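These notes concern the structure reproduced below.
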Amino acid sequence: MIETIESEFAELTANRTNTTSSAAHCRFCKAPLTQTFVDLGMSPLCESYLTADQLNRMEPFYPLHVKVCEQCYLVQLEEYVSPEHIFTEYAYFSSYSDSWLKHASNYVEMISERFQLGAHNLAVELASNDGYLLQYFVEKGIPVLGVEPAVNVAKVAEKKGVPTLVKFFGCQTAQEMVANGQAADLVIGNNVLAQVPDLNDFVGGIRIVLKPGGVATLEFPHLERLMEENQYDTIYHEHFSYFSLITVEKIFKGHGLVLFDVDEIPTHGGSLRIYLRHAEDNSKPVTPTVVSLREREVAFGLDRMETYANFGEQVKESKRALLELLIRLRRNGKRIAGYGAPGKGNTLLNYCGIRTDFVEFTVDRNPYKHGRFLPGTHIPIYVPEWIREYRPDYILILPWNLKAEIVAQLAYAREWGAKFIVPIPTARILE
Ligand SMILES: [Zn+2]
């Protein structure tokens, strides 16, 4: 069976000559990458916040030049930075966000009900972080195993009673797991698929570790939403791939897995949760939701190169509109502060060239960031109370996906007439 699928995959990639060169070939189908999706210039790693003594040193910048494959339409970044460098000491702990925990616990309820999971099953999460999700299976008495490459984060998970394998996931890890009796009834991957440099090795690993009747679910930001809503700031070096349903379906099919259901979920500005099974498992038919979303993507043009080619111009126009607004406000003597210091803010500010000449400082609730500076733009990050002290005329909301929550938190700023700006999809002042 394995041989059949491997030869099917070999067929898919057979007409490509160069499969070994690291640069300029599609991460999935190995076709040469010649078409630009969007070029955001040079940018520092978006999570590398600086301390005061780092401001006078050299700072590494890497290209943020996104390409699209003409064969399979996979939108992708070349691997400019090694994943070991980015992820092994990744500072992000999932449990820090209440809304994300709620999302995880709802998912566990839904999935264990739908597929009748119990004490005889095993749920495996890839990039399990600090056990933020698997802890809810543990509560229900469903056995779990996390796979997580960041040592410090995995230690926190172990303390919560979530057994964790400290490894990068791929075919080799999957084979070891199966040999150890750790084949999975449920494989979960939330916001990890985009961050995998060797996509075929990762997807191949899912097929290996998944039991014959098992289900895998993966969540990732939806490319259609990124394009429709101009979310170019969600592009950063840690995200190697950007998926439509059409393309992700092709990728999994190439590895003997069928996408049989899909949910559209609101996380990260609009994501997909896809459900996969082995091609041989006929017990789970493909749902009408898959068919209609596929049709919607075709209507949007995700199966035509010109749709992708137009995106770059849309992004440039969004930059011009934001700069135009900020220039007008500054010329009129208005004072502008930022709110938030998210990774996406750093892509936006570096691409648009917005430094303290426009935004004097930003604030964030994460204590790690206080007293530090944004990478590249060197905008200082203060505690949220600074807004009340400084009384800016305008507040630029960088995590625009949380704008309703932030406007509510900062309701007091209306006392002195402050207004809010959102930069995406196109710059506007909230009335
Ligand atoms: Zn391709």
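Numbering of ligands and ligand atoms starts at 1, following listing order. For reference, positions follow the sequence shown, starting with 1. What you see is a predicted model, and the numbers here were worked out from it, not measured in a lab.
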Pair [X]-[Y], side-chain donor/acceptor within less than 3.5 Å:
X: Y107; Y: T217; value: yes
X: N401; Y: H268; value: no
X: E176; Y: Q172; value: yes

*Between F243 and I251, is any pair of side-chain heavy atoms under 4.5 Å apart?*
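A side-chain contact exists here, since the closest heavy-atom pair is under 4.5 Å.
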*Those residues that, when tested against K403, pass side chain to side chain contact (heavy atoms under 4.5 Å, CB included) (two or more places apart)*: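 Once residues adjacent in sequence are excluded, the partners of K403 under the side chain to side chain contact (heavy atoms under 4.5 Å, CB included) criterion are I397, V422, R428, L430.
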*Under 3.5 Å, is there a donor-acceptor pair between the side chain of K67 and the main chain of A24?*
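Here the side-chain-to-backbone pair does not exist.
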*In the protein, how many N/O/S atoms are under 2.8 Å from the Zn ion (ligand 1)?*
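For the Zn ion (ligand 1), the figure is 4.
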